[in-house]
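Note: hydrogens, waters and symmetry copies are ignored here, and every other heavy atom, side chains too, is used.
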Amino acid sequence: MSTTHHTKTLIVGSGPAGCTAAIYAARANLEPIMVRGLQPGGQLTITTDVENYPGFAETIQGPWLMEQMEAQAQHVGTTLIDDVVMEADLSQRPFRLTGDSGDIYTCDTLVISTGASARWLGLESEQTFMGMGVSACATCDGAFYREKQVAVIGGGNTAVEEALYLTNHASKVTLIHRRDELRAEKILQTRLFNNPKIEVLWDTVLEDILGNSGGGALPLGGSLTPMGVTGLRLKNVKSNEESTLDVDGVFIAIGHTPNTDMFKGQLDMDDGGYIITQPGTPQTSIPGVFAAGDVQDHTYQQAVTAAGTGCMAALDAERFIAELESKANAAE
């Protein structure tokens, strides 16, 4: 039997943006509900070492950081619900959302923090070596490859920007693209081709990621081999010739997909499906509906920037509700 939950502020998504929004909303006595979603904790839960989140002198683990954020949100008064929002009706107030469980969520204000999912190639080895040499974020993980060799897969702006950033750390960066020309902006291409640390492999696709995942028995008298990526198996799409490339890490840079399907046709979005917000605010095209984190940010996509917009969304939600209550009192 389905249950109806009502709250002043409903938060959909439980990554850094959602958790921060929940913390601020709870402290404002908005009694928020946070629907945790399909991947509770967001993309940080598939990130191992984190050393660029402020406040931690030592490297921390992504899953641990998200556990702490959720625990803090719950401690200050947020109700956490394990469900996935499948449908949303933003045409009337209170807003009405339906979960996969069948439960109904109604709210006076809504914070959308459903994030964006990195696009992957679909290789089994991507999952095997996730966090052990496979990444979709150079800014997040590039520092772990100081003076090492890495590869970037892709040919658009994201791939070229990732490759250029990685030259700040890696000794060599190989950009692997399936076509014979890049789709990136010309100014980025110029920077790429002029960088002596970068080599481009044209007409090439990634067939498999090679390395040691820790499986199997230790050879008699042998020693442990460090776990992680050691190389790539490649194929030239024109000649079908296969080759291997020795690398310590590979960055998949074929873009992200914002998790906004349930809001399409109701909120203004750009061509990529990211929710459009008013400049400098988390306010969407519908008053009282706010978007925070990667779901509206295709530029920075960092945990700390997501947390910042989550804070903004909760503060704006508090102001919005205060105005509604003020108008209601004035009408009495």
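A search for ring pair (Phe, Tyr, Trp, His ring centres under 6.0 Å) contacts involving F129 returns nothing, not counting sequence neighbours. Take F193 and apply the ring pair (Phe, Tyr, Trp, His ring centres under 6.0 Å) test, not counting sequence neighbours, and it matches no residue.
When only modelled atom types and interatomic distance are considered, T9 and T109 share a side-chain donor-acceptor pair under 3.5 Å. Neither side chain, T174 nor Q149, offers a donor N or O lying under 3.5 Å from an acceptor on the other. For the residue pair R119 / T257, a side-chain donor-acceptor distance below 3.5 Å is found, with atom types taken as modelled. Of the N and O atoms on the side chains of T114 and N259, not one donor lies less than 3.5 Å from an acceptor on the other residue. For the residue pair S125 / D208, a side-chain donor-acceptor distance below 3.5 Å is found, with atom types taken as modelled. Between the side chains of N212 and T230, no donor-acceptor pair of N or O atoms lies under 3.5 Å.
Under a 4.0 Å N-O distance rule, the pair E87/R96 does not qualify as a salt bridge. A salt bridge does not link E31 to K8: none of the charged nitrogens lies less than 4.0 Å from a carboxylate oxygen. Ion pairing between a basic and an acidic side chain is recognised when a charged N comes within 4.0 Å of a carboxylate O; E199 and K172 show such pairing.
Connection of I153 to V134 is established within a shared hydrophobic cluster, with ILVMFWY side chains joined at heavy-atom distances below 4.5 Å, either directly or through further cluster members. Note on L80: it does not cluster hydrophobically with M69, by side-chain heavy-atom contacts below 4.5 Å among ILVMFWY residues.
With contacts defined as side-chain heavy-atom distances shorter than 4.5 Å, the pair E318/L30 qualifies.
Within a 6.0 Å radius of CG in N168, other residues, nucleotides and ligands contribute more than 12 heavy atoms. More than 12 heavy atoms of other shown residues, nucleotides or ligands fall within 6.0 angstrom of atom CG in L121. R27 CZ: 12 or fewer foreign heavy atoms inside a 6.0 Å radius. Within a 6.0 Å radius of CD in E241, no more than 12 heavy atoms belonging to other residues, nucleotides or ligands are found.
Contacts classified as ring-ring contact (aromatic ring centres under 6.0 Å, His included) and involving residues 229-262 (residues at least two apart or in different chains) are given here: Y145-F251. Annotation: ring-ring contact (aromatic ring centres under 6.0 Å, His included) contacts involving residues 295-328, sequence neighbours excluded, comprise Y274-H298. Among pairs with a residue in residues 151-174, those fulfilling ring-ring contact (aromatic ring centres under 6.0 Å, His included) read Y165-H169, at least two apart in sequence or across chains.
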Kindly determine whether T128 and S213 satisfy side chain to side chain donor-acceptor pair (under 3.5 Å), including the steps that lead there.
-> CA-CA 7 Å; T128 300; S213 61; over 6 Å; no

Enumerate, atom names and distances included, each donor-acceptor pair closer than 3.5 Å involving a side-chain atom of residues 310-317, sequence neighbours excluded.
residue: D316; atom: OD1; partner: R319; partner atom: NH1; Å: 2.8

